[in-house]
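These notes are about the structure you will find just below.
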Amino acid sequence: MSIPFITAEEAASYIKNGDNVGFSGFTASGTPKVVSVALAKRARELHEKGEPFKVNLFTGASTNDYVDGELSRADAIGIRTPYQGHKPARDLVNKGGMHYFDTHLSHLSQDIRYGFYGDIDVAIIEATEMSPNGEIILGAGLGMTPTIAMMAKKVIIEYSSYYKTSFRGFHDNYVPLDLPHRREIPIYKSSDRIGSTVIKIDPNKIIGVVPSNASESIAPFTAPDEISQRIGNNISTFLAEELRNGKIPKEFLPVQSGVGNVANAVLYGLGENPDIPQFEMYTEVIQDAVMHLMEAGKCKFASTCALTFSDDAMLHFMDNIDFFRDKILMRPSEISNHPEIVRRLGLIAMNTALEADIFGNVNSTHVLGTKMMNGIGGSADFSRNAYLSIFSCPSIQKGGMISTFVPMVSHVDHSEHSVKILATEQGVADLRGKDPRQRAETIIENCVHPMYKELMWDYLKLSQGGHTPHNLRAAFAFHETFMDCGDMSQTDFAKFVK
């Protein structure tokens, strides 16, 4: 059958108030860019007429300003999951303007297939190639596209001409068997291919094709600063020592890395350490650093869900795409983050913390326990099941007015049971085999900034006994002091001494 080309405005007109809308992609990569803008415009027009219009937004992870930014500014999102990363969306979440529920990225595809959140009314999918029979080649991000393509009642294709070369062969589209008949997912090394290079969509479901020529609009990460470099060096030195001591196999283990400047610095630290051998990655996102490590011969293969390259790096990738064809494979987030594979391959999982406490609990989502930043993302998919789970962050923020290490985290995303290693620019705390008091002593000595160490020791002196030496009257004194005067270092534990 012939699938018509339509405008973004025509496509948006098929989406109704209250619809569940699924988007392709993972981060900004592979995420649609023109229909969402038209949808935001339509929402504003309807709101001006006094008519309600909000959609429920389901994505692979974060998106881009074309989606989360435009739709949030138009107040056009009713329900949002599983992750958001743009300030307009964050602001809307924190003032109660959208119902955001934070969930693990590996869970969402299965939850949708089993109807936890109702039907997917419309899927909007970015394609770089397609055929009249509904075979689609995706772009730089995969996310949960196989599931939304299968489950959606209607599909809109955004046909991207931005990519000047074919992505054919980079994707491994795979959906597990239905419960209770599921078998093992047959991935035994990072490079194992188990699915299809294409997604097949019933042409009868496709409303139309919308042309697009927009880039991902991903800005380059800043060069690692001194603090990030020290964190990266501390982690790479620790892993090299584990390798020498036989705690990591001599072949090394696949690496998972989170997103951001600190994550990039940690990867560069691995690349620059001569004692770290060539390694593979099994992760949810690869950034500019991974491309450089591949070209330097340090990273030999990466299984990922998305190529979250800056625009300049993406142009370089496309100019040299044949070099990368046997070195990169993109999978759905359900597979890239699957706990079964994480455990089987024995990953070294490296993620960032917003805040940690001296007993090893990590907060990666909420400022002062209440204000959502972005979401838990895939970090727990990896950390709970990794061979080594490492969390890193600078020891202080805002010039020392905030300690990222506190007596008790204001929100728990990763409990002490999942966190094996903590690292800052000060050093590395190995928490394996330690009870709560030993963990506290190790973290204070190795990770806490010198300007906060005495305060942390003062807190421990307030302990009222028990297995975990907390003082509940003083546990949030750092946070309360910051809310009172904007500087955690002014905390006074003397007032809690009986």
Side-chain angles (χ1 to χ4, degrees), residues 93-96 102 352-373 376 379-380 383 389 391-498:
V93 168
N94 288 322
K95 71 178 184 181
D102 193 18
T352 53
L354 181 67
E355 169 184 80
D357 67 30
I358 55 175
F359 301 104
N361 301 291
V362 166
N363 169 17
S364 59
T365 60
H366 284 76
V367 176
L368 294 174
T370 61
K371 295 182 176 64
M372 169 60 70
M373 280 293 288
I376 195 169
S379 54
S383 63
S389 57
F391 282 88
S392 62
C393 60
S395 62
I396 55 173
Q397 297 283 8
K398 293 189 178 295
M401 291 189 291
I402 292 176
S403 172
T404 54
F405 285 82
V406 294
M408 181 186 286
V409 288
S410 55
H411 176 90
V412 180
D413 292 295
H414 310 277
S415 78
E416 61 188 86
H417 310 294
S418 301
V419 180
K420 294 181 179 176
I421 311 294
L422 283 168
T424 70
E425 79 283 1
Q426 302 297 322
V428 174
D430 185 348
L431 309 181
R432 292 172 293 183
K434 293 180 171 64
D435 71 16
R437 182 173 287 277
Q438 291 172 317
R439 287 199 296 271
E441 293 167 351
T442 302
I443 291 169
I444 294 171
E445 193 58 39
N446 291 283
C447 291
V448 172
H449 194 278
M451 67 185 294
Y452 282 95
K453 278 190 176 182
E454 286 305 313
L455 279 172
M456 291 299 192
W457 290 121
D458 288 346
Y459 176 76
L460 274 186
K461 291 173 187 175
L462 297 174
S463 167
Q464 298 173 342
H467 180 246
T468 300
H470 264 309
N471 183 299
L472 295 181
R473 294 172 59 242
F476 293 115
F478 271 30
H479 301 91
E480 290 180 357
T481 302
F482 183 79
M483 288 188 288
D484 288 342
C485 70
D487 188 348
M488 287 183 177
S489 69
Q490 301 304 306
T491 301
D492 180 12
F493 285 117
K495 63 184 180 182
F496 296 101
V497 179
K498 291 184 179 180

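Only heavy atoms go into these numbers, but all of them, side chains included; no hydrogens, no water, no symmetry mates.
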*Can a salt bridge be assigned to the pair D430 and R432 using a cut-off of 4.0 Å between side-chain N and carboxylate O?*
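Salt bridge between D430 and R432, a charged N being under 4.0 Å from a carboxylate O: yes.
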*Can you run down the side-chain hydrogen bond (donor to acceptor under 3.5 Å, both in side chains) pairs that involve residues 480-489, sequence neighbours left out, and say none if there aren't any?*
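Qualifying pairs: T481-T491, D487-S489.
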*Do any pairs count as a side-chain hydrogen bond (donor to acceptor under 3.5 Å, both in side chains) and have a residue in residues 393-405, sequence neighbours left out, and if so which ones?*
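Applying side-chain hydrogen bond (donor to acceptor under 3.5 Å, both in side chains) to every pair that reaches into residues 393-405, excluding sequence neighbours, yields S395-E425.
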Can you tell if the side chain of [X] reaches within under 4.5 Å of the side chain of [Y], non-hydrogen atoms only?
X	Y	answer
T352	C393	no
K420	S383	no
L472	M408	yes
V448	Q426	no

Using the side-chain contact (heavy atoms from CB on, under 4.5 Å) criterion, which residues pair with [X]? Sequence neighbours excluded.
X	value
S415	N361, V412, H417, S418
V367	L354, K371, M373
H366	N363, M372, H411

*Under 3.5 Å, side chain of T468 to main-chain N/O of H470, donor-acceptor pair present?*
no
*Between the side chain of R437 and the main-chain N/O of P469, is any donor-acceptor distance below 3.5 Å?*
no
*So Y459 and F493, would you call those rings parallel, tilted or perpendicular, with 30° and 60° as cut-offs?*
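Ring orientation of Y459 relative to F493: tilted.
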Return the [atom1] to [atom2] distance between [X] and [Y], rounded to the nearest 0.5 Å.
X	Y	atom1	atom2	result
I358	I444	CD1	CD1	4.5 Å
L431	S389	CG	OG	8.5 Å
D435	E416	CG	CD	10.0 Å
F405	N446	CZ	CG	10.0 Å

Which atom of [X] lies closest to which atom of [Y], heavy atoms considered:
X	Y	value
V362	A353	CG1-CB, 3.6 Å
A423	V428	CB-CG2, 4.1 Å
A494	D492	N-OD1, 2.9 Å

*Scan for ring pair (Phe, Tyr, Trp, His ring centres under 6.0 Å) pairs involving residues 429-448, sequence neighbours excluded, and state none if there are none.*
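Listed once each, the pairs would be none.
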*Which residue pairs pass the ring pair (Phe, Tyr, Trp, His ring centres under 6.0 Å) test when at least one of the two sits in residues 424-458, sequence neighbours left out?*
Y452-F478
_For F476, give me all partners under ring-ring contact (aromatic ring centres under 6.0 Å, His included), at least two apart in sequence or on another chain._
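H479.
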_ring-ring contact (aromatic ring centres under 6.0 Å, His included) involving F391 - partner list, sequence neighbours excluded_ = H414
*Can you list the steps and then say if C447 with L422 is a side-chain contact (heavy atoms from CB on, under 4.5 Å)?*
CA-CA 7 Å; C447 291; L422 283 168; 4.2 Å; yes
*Quick one: list whatever passes side chain to side chain donor-acceptor pair (under 3.5 Å) with D458, sequence neighbours left out.*
none
*Which residues satisfy the salt bridge (Lys or Arg N to Asp or Glu O under 4.0 Å) test with K453, sequence neighbours excluded?*
E445
*With sequence neighbours left out, write down each residue that passes salt bridge (Lys or Arg N to Asp or Glu O under 4.0 Å) with D102, or none if nothing qualifies.*
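D102 satisfies salt bridge (Lys or Arg N to Asp or Glu O under 4.0 Å) with no residue once adjacent residues are dropped.
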_Quick one, I443 with F359, criterion side-chain contact (heavy atoms from CB on, under 4.5 Å). Give me CA distance, side-chain angles, the key distance, then yes/no._
CA-CA 8 Å; I443 291 169; F359 301 104; over 6 Å; no
